[in-house]
*Asks:* 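Questions regarding the structure given below will be posed in turn.
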There are 2 protein chains.
Amino acid sequence: MTDSSSNKNFLKTLDRGLAVIKSFDGDTPQMTLSEVARKNSMSRASARRFLLTLQSLGYVIKVDDNFQLTAKILEVGHQFLSNLNFIEVITPFMREASRLLYKACSASILNETDIVYIARIPSQHQILSVNLNVGSRLPAYCTSMGRVLLGNMTENELDAYFKHAELISHTPHTITDVKKLHKIIKQTRIDGYSIVNQELEENLCSVAVPICNQQGKVLCAINVGMPVGQLKIEEVTSEYLPVLQEAASKAEAILVHH
Amino acid sequence: MTDSSSNKNFLKTLDRGLAVIKSFDGDTPQMTLSEVARKNSMSRASARRFLLTLQSLGYVIKVDDNFQLTAKILEVGHQFLSNLNFIEVITPFMREASRLLYKACSASILNETDIVYIARIPSQHQILSVNLNVGSRLPAYCTSMGRVLLGNMTENELDAYFKHAELISHTPHTITDVKKLHKIIKQTRIDGYSIVNQELEENLCSVAVPICNQQGKVLCAINVGMPVGQLKIEEVTSEYLPVLQEAASKAEAILVHH
DNA sequence: TACGAATGTGCGCAATACGCACATATTTAT
DNA sequence: ATAAATATGTGCGTATTGCGCACATTCGTA
């Protein structure tokens, strides 16, 4: 919840209500009334009113004294995805890349300082570790797709990005030096792809390329990820990248007509 | 927006705010301030306050005098999906079924009177017609997955369903007679699958099966859809259904350990 | 049974959100 | 170019919405 109480045009009840919805997260998928109140730093009476409103609207149900979200909550964001017309164009090609590489293939766009997953083709076998869904967010600066998308920014935009981004070392390999990152992103722009090795999570490597529309505007980035022990970085460049680039090219050929 | 103004525990501002978010739909993905006000039957001053709040929270941006949703809005529903732990178990098998059948494969659950899509493996080629995403909703009574899920209901629950469901003829083939539907759903329960032919959309046929967990509880339904002209219903039963059932069985074998 | 914890409820009122009128900016028509 | 129409921005008085409090009720535990 944000502190904008001095702004007469800021609707505090809406802010608090959305915060209540978002407080049903991975740590607390289900909560009692009191837990909602505590987690959202509000009185029990207020929490109750928010929950009863959300229940009345169908977004929340109560199961054995615990409130939890319903599928109806997907309505709130669903239309955003539906408005991204290119998704249905790129997914068959992502699927083909996934098949050839035996890896999950994902697409994302930039939002604030994160990448947001907008499509995902699961791999043929069990997921290794990360549980990523449409809507999942990861920091842009240390992910392959993020770097591809940042590579599409102007210098001013990139400066603004680093003003806001919180550069955390997720692993011993994470690069958090702004100068280094600037250089890497500049190189990414030149290369037209990005390989990130163990910067977000140990033992995980990924390679990403952009997908552009007719005007050359980057619509999104797509990537595949893999465990590091499986192969060497040179193999990523020689075996994985061309498949991904081919998928992007084929998608782009169709997007030209859109 | 619902009319619950007589209820002291109903927070009208939250209701209105969520309605504003949802008004950014397929018909109006972008809107001016005045269009938002008109579409939501509220004053311009109110609309402005809602939009400025959502903008301040990052859920909406303004591009050339038009407001539109940002990817951040996916945060609101994202956690619901993440809380469905079985999705990452079933998607590799859905993917295999999709590969074998050369069709998109989807999973859904019931919410109110609709099915809601919770996972989707796109087909290898261009989508035929329907643009379905995670979060998309379709009426349960005339969809194969819906019938499978309704087949899992008690008689009381099914009666309650038909009290609320709006039975619309989407095509000349749509069955809207409650007695007939009861019979069909009962048969679906016995069969363990459902084939729906041109009841939601002309020339589209689909077959669905349930996926159950260890306790026999139905977690979701999965389906594949196809154009009718491609094959006969008997072929659906003999060629498509077994593949889908195998995918479900394999997923269930793993879910036993969850 | 008594006590503690959790939730439900009514109510006075604090403060939040409202709409109105006017101001400003932009677009359209003459 | 000017006037009119349309869209948006702003300040403010106040209607009404949402608040927290105190008490009531329910449920679980010792």
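Chain letters run A, B, ... following the sequence lines, proteins first and then strands; every chain starts at 1.
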*Asks:* Respond yes when some side-chain nitrogen or oxygen of A/Arg44 is under 4.0 Å from OP1 or OP2 of D/dG20, and no when none is.
*Replies:*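 Checking D/dG20 against A/Arg44, no side-chain N or O comes under 4.0 Å of OP1 or OP2.
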*Asks:* Starting at CG of B/Asp64 and ending at P of D/dT8, how long is that distance when rounded to a whole Å?
*Replies:*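 Going from B/Asp64 (CG) to D/dT8 (P), I get 13 Å.
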*Asks:* Looking at B/Ser46, I'd like to know whether one of its side-chain N or O atoms comes within less than 4.0 Å of OP1 or OP2 on C/dC18.
*Replies:*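 Result: yes.
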*Asks:* Could you point out which residue of B/Leu219, B/Ile254, B/Leu84, B/Ile211 forms a side-chain contact (heavy atoms from CB on, under 4.5 Å) with B/Ile90?
*Replies:*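 When side-chain contact (heavy atoms from CB on, under 4.5 Å) is applied between B/Ile90 and each of B/Leu219, B/Ile254, B/Leu84, B/Ile211, only B/Ile211 qualifies.
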*Asks:* Using OP1 and OP2 only, check whether a side-chain N or O of A/Lys62 sits under 4.0 Å from C/dG8.
*Replies:*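 Yes.
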*Asks:* Separation of A/Phe50 atom CZ from D/dT17 atom C1', in whole Å?
*Replies:*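 Interatomic distance, CZ of A/Phe50 to C1' of D/dT17: 11 Å.
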*Asks:* Rounded to the nearest angstrom, tell me the gap between atom NZ in A/Lys8 and atom C1' in C/dC18.
*Replies:*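 Atom-to-atom, A/Lys8 to C/dC18, this comes out as 14 Å.
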*Asks:* Under the 3.5 angstrom rule, does the side chain of A/Tyr161 hit a backbone N or O of A/Tyr141 as a donor-acceptor pair?
*Replies:*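 Flag set: sc A/Tyr161 to bb A/Tyr141 pair under 3.5 Å.
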*Asks:* Taking atom C1' of D/dG28 as reference, at what distance in whole Å does atom CG of A/Asp65 sit?
*Replies:*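 Taking CG of A/Asp65 and C1' of D/dG28, I get 11 Å after rounding.
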*Asks:* Please report the distance, rounded to the nearest Å, between CG in A/Asp15 and P in D/dC19.
*Replies:*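 After rounding, the gap between these two atoms is 12 Å.
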*Asks:* A/Lys12 has an atom NZ; how far is it from atom P of C/dC18, in whole Å?
*Replies:*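 Value for this atom pair: 15 Å.
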*Asks:* Between the base of D/dG20 and the side chain of A/Arg48, is there a donor and acceptor pair under 3.5 angstrom?
*Replies:*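 Between D/dG20 and A/Arg48, which were checked side chain against base, a qualifying N/O pair under 3.5 Å is absent.
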*Asks:* Side chains of A/Asn66 and A/Thr32: do they bring a donor and an acceptor to under 3.5 Å?
*Replies:*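 The criterion, which ignores hydrogens and geometry beyond distance, is not satisfied for A/Thr32 and A/Asn66.
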*Asks:* For B/Ser43 and for A/Arg38, locate the closest nucleotide of DNA chain C by heavy-atom distance; then report the residue assigned to the nucleotide nearer the 5' terminus.
*Replies:*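 It is A/Arg38 whose nearest nucleotide is closer to the 5' end.
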*Asks:* Nearest whole Å is fine: how far is C/dC11 C1' from A/Arg49 CZ?
*Replies:*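 The answer, rounded to whole Å, is 11 Å.
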*Asks:* Which sits closer to the 5' end of DNA chain D, A/Asn9 or A/Ala45, going by the nucleotide each is nearest to?
*Replies:*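 That would be A/Asn9.
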*Asks:* Taking only side-chain nitrogens and oxygens of B/Thr32, does any of them come within less than 4.0 Å of OP1 or OP2 of D/dT8?
*Replies:*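 Yes, because at least one side-chain N or O of B/Thr32 sits under 4.0 Å from OP1 or OP2 of D/dT8.
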*Asks:* Please pick, from D/dC19, D/dG20, C/dG19, the nucleotide with the shortest atom-to-atom distance to any side-chain atom of B/Arg16.
*Replies:*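 The answer is C/dG19, which lies nearest to the side chain.
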*Asks:* Over how many whole Å does the gap from B/Glu35 atom CD to D/dA7 atom C1' extend?
*Replies:*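 These atoms are roughly 11 Å apart.
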*Asks:* With respect to the phosphate group of C/dA17, does any side-chain polar atom (N or O) of A/Thr13 fall under 4.0 Å of OP1 or OP2?
*Replies:*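 Affirmative; the distance criterion is met.
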*Asks:* Nearest heavy atom decides the nucleotide; on that basis, is A/Leu11 or A/Leu33 closer to the 5' end of DNA chain C?
*Replies:*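 Closer to the 5' end of DNA chain C: A/Leu33.
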*Asks:* Check the pair A/Arg120, A/Ser106 against side chain to side chain donor-acceptor pair (under 3.5 Å), reporting the backbone distance first and the verdict last.
*Replies:* CA-CA 4 Å; A/Arg120 184 161 170 85; A/Ser106 303; 2.6 Å; yes
*Asks:* Tell me whether the side-chain N/O atoms of B/Ser34 come closer than 4.0 Å to OP1 or OP2 in D/dT8.
*Replies:*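 Answer is yes, contact under 4.0 Å.
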*Asks:* Begin from the C-alpha positions of A/Lys39 and A/Asp25 and carry the test salt bridge (charged side-chain N to carboxylate O under 4.0 Å, His left out) through to its verdict.
*Replies:* CA-CA 11 Å; A/Lys39 186 163 182 183; A/Asp25 61 20; 2.8 Å; yes
